[in-house]
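Take a look at the structure below.
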Amino acid sequence: MNNRKSFYVTTPIYYVNDKPHIGHAYTTILADVLSRFHRDKNDDTFFLTGTDEHGQKVQESAEARGIAPQEHCDNMVKHFKENWEKLNITNDFFIRTTFDFHKKTVQKILQQLWEKGEIYESEYGGYYCVGCERYYTEKELEDGKCPQHQKEPEYIKEKNYFFKMGKYQDWLINYIQLNPNFIQPEHRKNEVLGFLKNPLNDLCISRPKSRLKWGIELPFDNKYVTYVWFDALLNYVTGIGYGQDQEKFNKFWPANYHLIGKDIVTTHCVYWPTMMKAIGIPMPKTIYAHGWWLMDKAKMSKSLNNIVSPLDLIDTYGVDSVRYYLIRDMMLGQDSNFTEDNFTTRYNAELANDFGNLANRVTTLIKKNYDSVVPFPQETGDAENDLINTAKTLSDNVYKKIEDFKLNQATDEIISFIRSINKYMEITQPWKLVKTDKESTGTILYIATEALRLGAQLLHPIMPTKIESLLKALPLDDKKNKFSWGVLKPGEKIDAFDSLFPRIIKKKKPAPQKQKKPEINLITFEEVGRVNLITAKVLAAEQIPETNKLLKLSVDTGLEKRQIVAGIADHYSPEEILGKNIVIVANLQPAKIRGVESQGMLLAAKKGKKLRLITIDGDIAPGASVG
RNA sequence: GGCGGAGUAGCUCAGUUGGUUAGAGCAGCGGAAUCAUAAUCCGCGUGCCCGGGGUUCGAAUCCCUGCUCCGCUACCA
């Protein structure tokens, strides 16, 4: 038996209906970089990603396209696979929840839990919103409607199956407290503990097939399928052979890391652990929630329209440099800003100037003065020994940072080392020395090149393609440990290679216009006419009970009295507004806000926190048209 | 309003369990050098570490409180 350490890392399985975006890409790159670091260290590594393919939305999308759900999934999953290929992702397996073995194992687990009494059936009545795929309590409904979709939910009374999650509450709290690394970073852990201060309910894990067909059938009741999360979370164990290949499972479980985005903390830190506890699976070592990438401060997510495909970035800048930037720039666990300017600045400074240029100058010197043959190193002095000593501890330091999940610091460590090689060059000035002392110069160039090689080696997990091309150009001794000193073989040819990271010529900055111009969509005169603005006089005003911002106004429009709800209580008291001549939109569709009907909308000017009403200059009867 | 995050050098941010003169990168200024991708190297920072209290021999770091900004959400038709 070998005694290689095992390393198992997962990404969430992505909902197959989503288009891959930077959020997916980031988690996946992160997992890939970690995997590659461990592979380079010769750990027995397993990296799992995949897609979550069941659920109502998939069913609906497939119906809309007039194809079978499975076919729909098969089509959609390609987007992810293509993306990961472009990003140079080296997952060991791509799990899909529609794989047969996954479904079988999920069913097996459900059956076991059912037999153990961890799952029970219960009558459940509730308001179900199809859009949300969930039940609402009466309290949560607004005016009898789903707060998300503003649609009336159906009241459904039906039998369902529940997982006894609640009974594990105390155990879970205790477990989290006793295992500080279980949920990372720290503030996420506190968040979960905060969540667990409230009573933990049992989890409804079934959906009747009458509503949802596209799912895994409950083994003990074929009229139901299982709730998507229950199905999806189990991928982490089925993906490495749980219930199928126990030897493999035992080798990799418990997982070292479940990487997740901060939006799915509860499912992973509450549902999943209690499920594992009930099944009898040991807990994973660490669940790590990272932050979001912000695009000029706006959140990049599927719910907003500012999706920037990672592929766009790659086509412009190359995969490796994008991977480098993402790993280098994010403090894990916190949100981070992406701007093209940040990117080019870092790229030019670190990749082009520090790293790429060093590679170029060193090899050029060897080429010119040593006929492209790596010189033999001779005696070393202080400058050399300093550099060599740093080099010898470098990989340990880097790996320590990796273990601590400080990837940006690990990267910084490597780049600092690269900088110190540049410094060494300046101190020793081989281009000058070569004229008088070719032997010593040879030593200097050997040391600089070998140091570069070591630094490059450590960057390999982050920028696999570029680094491989660099390492290929150097003659290396394969028998030596690649993180040790002296792998570069003297006396052998070194290939010249093109500039690794060509400088990016920065686009000249547009004049620093802080005020970004709001985009103006031109509309026609006719469209303006569709909005019926009139004057109105405020007859009465009162605060709507149990609200902070809402005033109920009664206004005279000349023809009638109307009731308008306005969110201006922060700025106007009822007394202040009384008797004012204001401007309202008269032909706006009425709406109920907090149960109070609003038959129009008043106009006000707002900037920042300041809000002032549009009022009439002078006297004019209510109902006058405004235009 | 609720929940969450953040306020440290011109900009982007580090600051581990409280401990010596608070750091890095970028930008800026001055210089050296010319092997190299107009790259590199050296030198240059009196920063109320958001304010106010407190704990302590000692706080950017812990506690309380206030302010500001951002995200999500809710009651801003």
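On a predicted model such as this, the values are computed, not experimentally measured, just so you know. Computed from heavy atoms alone, side chains included, the values below leave out hydrogens, waters and symmetry copies. Chain identifiers are assigned alphabetically (A, B, ...) following the order of the sequence lines, protein sequences preceding nucleic acid strands; residue numbering begins at 1 within each chain.
Distance CZ (A:R346) to P (B:U12): 13 Å, rounded to an integer number of Å. Between the CD atom of A:Q184 and the C1' atom of B:U16 there is a distance of 13 Å, rounded to whole Å. Per the geometry, CG belonging to A:N360 stands 5 Å off P belonging to B:U37, to the nearest Å. Whole-Å rounding puts the A:Y347 OH to B:C26 P distance at 17 Å. Rounded to an integer number of Å, the gap from CG of A:L551 to P of B:C76 is 13 Å. With rounding to whole Å, A:N353 atom CG is found 4 Å from B:U40 atom P. Taking atom CZ of residue A:R361 and atom C1' of nucleotide B:U34, one finds them 10 Å apart after rounding to whole Å. Between A:D354 atom CG and B:C35 atom P the separation is 20 Å, expressed in whole Å.
Taking the P atoms as reference points, B:G47 lies 10 Å from B:A9, given to the whole Å. Only the P atoms considered, B:C26 is 22 Å distant from B:A22, to the nearest whole Å. On the P atoms, B:U21 is 32 Å away from B:G5, given to the nearest whole Å. Between B:C35 and B:G28, the distance separating the two P atoms is 25 Å to the nearest Å. For the P atoms, the distance linking B:G10 with B:C50 amounts to 13 Å, nearest Å. Comparing the C1' positions of B:G71 and B:C29 gives an interatomic distance of 39 Å, to the nearest angstrom.
Salt bridge status for A:R562 with A:E560: present, with a side-chain N to carboxylate O gap under 4.0 Å. A salt bridge is absent between A:K423 and A:E426; no separation between the charged side-chain nitrogens and carboxylate oxygens falls under 4.0 Å. Ion pairing between a basic and an acidic side chain is recognised when a charged N comes within 4.0 Å of a carboxylate O; A:E413 and A:R419 show no such pairing. Ion pair A:R346/A:D329 flagged as a salt bridge, since at least one NZ, NE, NH1 or NH2 atom sits closer than 4.0 Å to an Asp/Glu carboxylate oxygen.
For A:E350, whose side chain is taken as the heavy atoms from C-beta onward, the closest listed nucleotide among B:C42, B:C35, B:G25 is B:G25. Closest to the side chain of A:N357, out of B:A77, B:G25, B:U37, is B:U37. Looking at the side chain of A:E426, the nearest of the listed nucleotides B:A33, B:U40, B:U37 is B:U40. Comparing B:U37, B:U34, B:A36 against the side chain of A:K432 picks out B:U34 as the nearest.
Shown for residues 412-422 of chain A: residues whose heavy atoms fall under 4.0 angstrom of RNA chain B, namely A:R419, A:N422.
The phosphate of B:U16 has neither OP1 nor OP2 within less than 4.0 Å of any side-chain N or O from A:K406.
Each of A:I427 and A:P430 has a nearest nucleotide on RNA chain B; the 5'-most of these lies closest to A:P430. Between A:Q429 and A:K368, the residue whose closest nucleotide on RNA chain B is further toward the 5' end is A:Q429.
Under the Watson-Crick and G-U wobble criteria, each requiring two contacts below 3.5 Å, nucleotide B:U40 is paired to B:A32. Remark: B:C72 base-pairs with B:G2. Criterion, Watson-Crick or G-U wobble with two distances under 3.5 Å. Across all strands shown, the partner of B:C26 is B:G10, judged by Watson-Crick or G-U wobble contacts whose two distances both fall under 3.5 Å.
At a cut-off of 3.5 Å, with distance as the only test, no side-chain donor of A:Y446 or A:Q378 sits close to an acceptor on the other residue. Of the N and O atoms on the side chains of A:N360 and A:S499, not one donor lies less than 3.5 Å from an acceptor on the other residue.
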Inset, instruction - Go through the steps to decide whether A:Y317 and A:F343 satisfy the test ring-ring contact (aromatic ring centres under 6.0 Å, His included), and finish with yes or no. - result: CA-CA 9 Å; A:Y317 305 118; A:F343 174 86; 4.2 Å; yes
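Heavy atoms of A:D404 sit nowhere under 4.0 angstrom from any nucleic acid atom.
Listed by first and then second residue, the ring pair (Phe, Tyr, Trp, His ring centres under 6.0 Å) pairs that reach into residues 396-443 of chain A are A:F37-A:Y399, A:Y257-A:F405, A:Y288-A:F405, A:Y399-A:F483, sequence neighbours excluded.
Looking at heavy atoms from C-beta onward, A:V555 lies out of side-chain contact with A:L539 at the 4.5 angstrom threshold.
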